Amino acid sequence: MLKIYNTLTRQKEVFKPRSEGKVGMYVCGMTVYDYCHIGHARVMVVFDTVARYFRHLGYDLTYVRNITDIDDKIIQRANENGEDFNHLTARFIDAMHEDERSLAVLPPDIEPRATQSIASIIAMIETLLAKGHAYIGSNGDVFYAVEKFNDYGKLSGKKLEDLQAGERVDVDAAKQNPFDFVLWKMAKANEPSWPSPWGEGRPGWHIECSAMSTCCLGNHFDIHGGGMDLQFPHHENEIAQSEGATGEKFVNLWMHNGFVRVNEEKMSKSLGNFFTVREVLKQYRPEIIRFFILSSHYRSPLNYSDEQLNEAATALNRLYTALRGVTVPDSPILPDYQGRFEQAMDDDFNTAVAVSVLFDLAREVNKNKSSDLKRAEQLAASLRRLGGLLGILQNDPEVWLKGGDVEVRLQSGHMEYEAYPPTVVIGPSEEAINHCIQARLDAKKAKNWAMADQIRDQLKEQGIILEDAPNGTTSWRRA
RNA sequence: GGCUGCGUAGCAAAAUGGUUAUGCAGCGGCCUGCAAAGCCGUAUAUACCGGUUCGAUUCCGGUCGCAGCCUCCA
């Protein structure tokens with residue numbers, strides 16, 4: 001029985017789809033004026049994992065994640081670069097897809113873009129005006145009137161009278177209430193714009209999500225997700241817009257993931273303390289990042305540091321080490337482990353516990369390797385398949401363990417969405433390593449332990465760890 | 001000021017009204033020429049103060065500390 005924490009009710013609820021066996025899920029995606037950072041990666045990985053699990057449970061899922069490809073920051077950045085805004089967003093959409101692909105994030109079913117949804121945005125604004133939820137301000141912009149929506153604040157638990165308007169930013173004189181927000185913004189000279197009943201302009205940020213989500217999934221759908229910081233005002237405003245326009249309930253269940261932090265502080269663009277995915281990828285392989293994200297619960301804060309990433313790498317090595325040397329048959333997942341795994345995931349997608357099941361499985365594989373190979377193979381198959389549900393452990397173990405430090409080369413620009421980023425291994429070549437291993441085997445045969453140990457130590461300094469097997473062979477991996 | 005949420009062993013991170021989380025690091029042992037990996041065993045915990053209870057880390061109240069939102073932000 002799947003339970004999910006609902007921000008709207010502040011508790012875990014048994015998930016009940018609106019329509020038997022079907023799920024509609026909308027997640028707020030990126031504003032594409034820069035590269036994705038680890039915080040964005042968390043959203044992608046978390047909701048990808050949610051999507052994978054829904055499908056594993058047999059739901060017919062429609063996963064929609066939008067792209068905001070027009071807003072003030074995009075215009076500003078394009079101006080700074082002396083670049084057409086369409087060109088700018090195209091570049092960063094490509095880059096985002098590369099990052100996603102490297103993190104084993106499966107593409108959403110629908111990826112609507114604001115600039116391709118202008119007609120439905122305008123239609124929704126017209127409805128809001130007609131119903132008296134919106135007005136045209138003195139500057140020509142169309143605003144949403146928050147006071148006309150009784151439930152305003154129900155998601156974030158805020159009351160209009162408690163909010164501190166103008167505390168950090170000047171209040172726009174064109175607004176009737178300081179918390180009214182823009183639905184349609186009039187274009188200044190040389191700004192990108194679209195024709196509308198109110199003049200040339202562009203949509204406000206919040207309206208695009210209301211328009212795109214209801215357009216793709218219907219007026220009322222199951223799940224809406226995004227980062228914690230979108231709770232207010234973005235999601236609050238989406239509710240006001242959508243419910244104001246349709247008169248129907250908008251979303252049953254709101255999911256919000258926690259922040260990635262750096263030194264106990266939110267990683268964010270404005271603080272400038274962010275690490276882009278491609279930056280981190282220079283040092284860590286993508287699966288390590290994914291594992292790092294999944295090793296804590298999606299609603300908890302996640303502290304980013306080298307120590308954490310290194311630990312994730314070590315942990316992942318342990319899982320791959322268990323898989324090493326075992327032929328993994330195409331057998332079903334062992335029921336007891338599947339049960340434990342699902343119990344964890346059913347509890348609000350508790351990936352941390354799900355991962356711990358993988359470690360238990362790894363121990364059992366290791367234990368049975370020498371005594372009961374058949375059993376070990378079955379366990380390994382379960383380990384690999386359960387890992388697959390989380391989007392990890394799909395590499396060849398030998399290849400993974402020989403991978404070590406790599407440089408992942410992303411080719412921004414116009415790479416095929418499907419292409420996996422090529423990795424470049426740092427350190428001695430396989431040929432050189434094998435040569436050393438042979439020399440050491442000879443030394444061992446001559447019982448020249450000093451020589452054998454010296455060779456091993458030298459390799460270790462270069463990040464190569466040797467492991468002697470009982471049958472006299474030596475295998476190696478990169479640290 | 002208003003509203004969220006959090007405080008678990010050396011580190012990270014789950015869970016639970018009474019019973020092993022898990023990973024890394026540590027300690028002891030097995031294995032090994034010695035290692036590595038693996039296996040077995042083992043230590044260290046629930047911010048503080050009250051309350052409810054036969055029993056609380058878990059529920060309730062308070063204190064302290066931390067983070068987030070109340071501009072844009074995943």
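Throughout, a chain's letter reflects where its sequence line sits, starting with A, and its residues are numbered from 1. Because the structure is predicted, anything quoted here is derived from the model rather than measured.
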Exercise answer: donor-acceptor pairs, residues 146-153 of chain A side-chain atoms, under 3.5 Å, sequence neighbours excluded:
{"residue": "A/E147", "atom": "OE2", "partner": "A/N177", "partner atom": "ND2", "Å": "2.3"}
{"residue": "A/Y152", "atom": "OH", "partner": "A/N237", "partner atom": "OD1", "Å": "2.5"}

- Task: Go through the structure and list residues passing side-chain contact (heavy atoms from CB on, under 4.5 Å) with A/R299, not counting sequence neighbours.
- Result: A/Y5, A/K12, A/H297, A/D348
- Message: With a 4.0 Å cutoff (strictly under), does any side-chain N or O of A/R340 reach OP1 or OP2 of B/rA21?
- Response: no
- Query: Within the structure, does a side-chain N or O atom of A/R318 lie under 4.0 Å from either OP1 or OP2 of B/rC39?
  - Reply: yes
- P spacing across the pair B/rA12 / B/rG7, given as an integer number of angstrom: 13 Å
- Task: Determine the Euclidean distance between corresponding C1' atoms of B/rU57 and B/rU52; express it in Å to zero decimal places.
- Result: 16 Å
- Sticking with atom C1', work out how far B/rG26 lies from B/rU16, rounded to a whole angstrom. 27 Å
- Query: Just to confirm, is there a sub-4.0 Å distance from OP1 or OP2 of B/rC66 to any side-chain nitrogen or oxygen of A/R261?
  - Reply: no
- Would you call A/P107 and A/E100 a side-chain contact if the rule is heavy atoms closer than 4.5 Å? no
- Query: Between B/rG29 and B/rA36, how far is it from one P atom to the other, in whole Å?
  - Reply: 14 Å
- Query: Does the ring-ring contact (aromatic ring centres under 6.0 Å, His included) test come out yes or no for A/F275 and A/Y304, once each step is laid out?
  - Reply: CA-CA 9 Å; A/F275 294 83; A/Y304 176 90; 4.7 Å; yes
- Between B/rC27 and B/rG10 - C1' atom distance, rounded Å: 13 Å
- Verify the stacking flag for A/F259 against B/rG68: centroid separation must be under 5.5 angstrom and the ring planes must differ by under 30 degrees. no
- Can a side chain N or O of A/K367 be found less than 4.0 Å away from OP1 or OP2 on B/rC40? yes
- Task: Rounded to whole angstrom, note down the P distance from B/rA35 over to B/rU22.
- Result: 27 Å
- Item | B/rA13 to B/rC24 separation - P atoms, rounded to the nearest Å | 16 Å
- Query: Do any side-chain nitrogens or oxygens of A/N350 fall under 4.0 Å of OP1 or OP2 in B/rA15?
  - Reply: yes
- Message: Ring-plane angle category for A/W254 and A/H235, please: parallel below 30°, perpendicular beyond 60°, tilted otherwise.
- Response: tilted
- Below 4.0 angstrom from OP1 or OP2 of B/rA37, is there any side-chain N or O of A/K369? no
- Any A/N366 side-chain nitrogen or oxygen under 4.0 Å from OP1 or OP2 of B/rC39: yes
- Task: Determine the interatomic distance between C1' on B/rA21 and the same-named atom on B/rU63; round to the nearest Å.
- Result: 31 Å
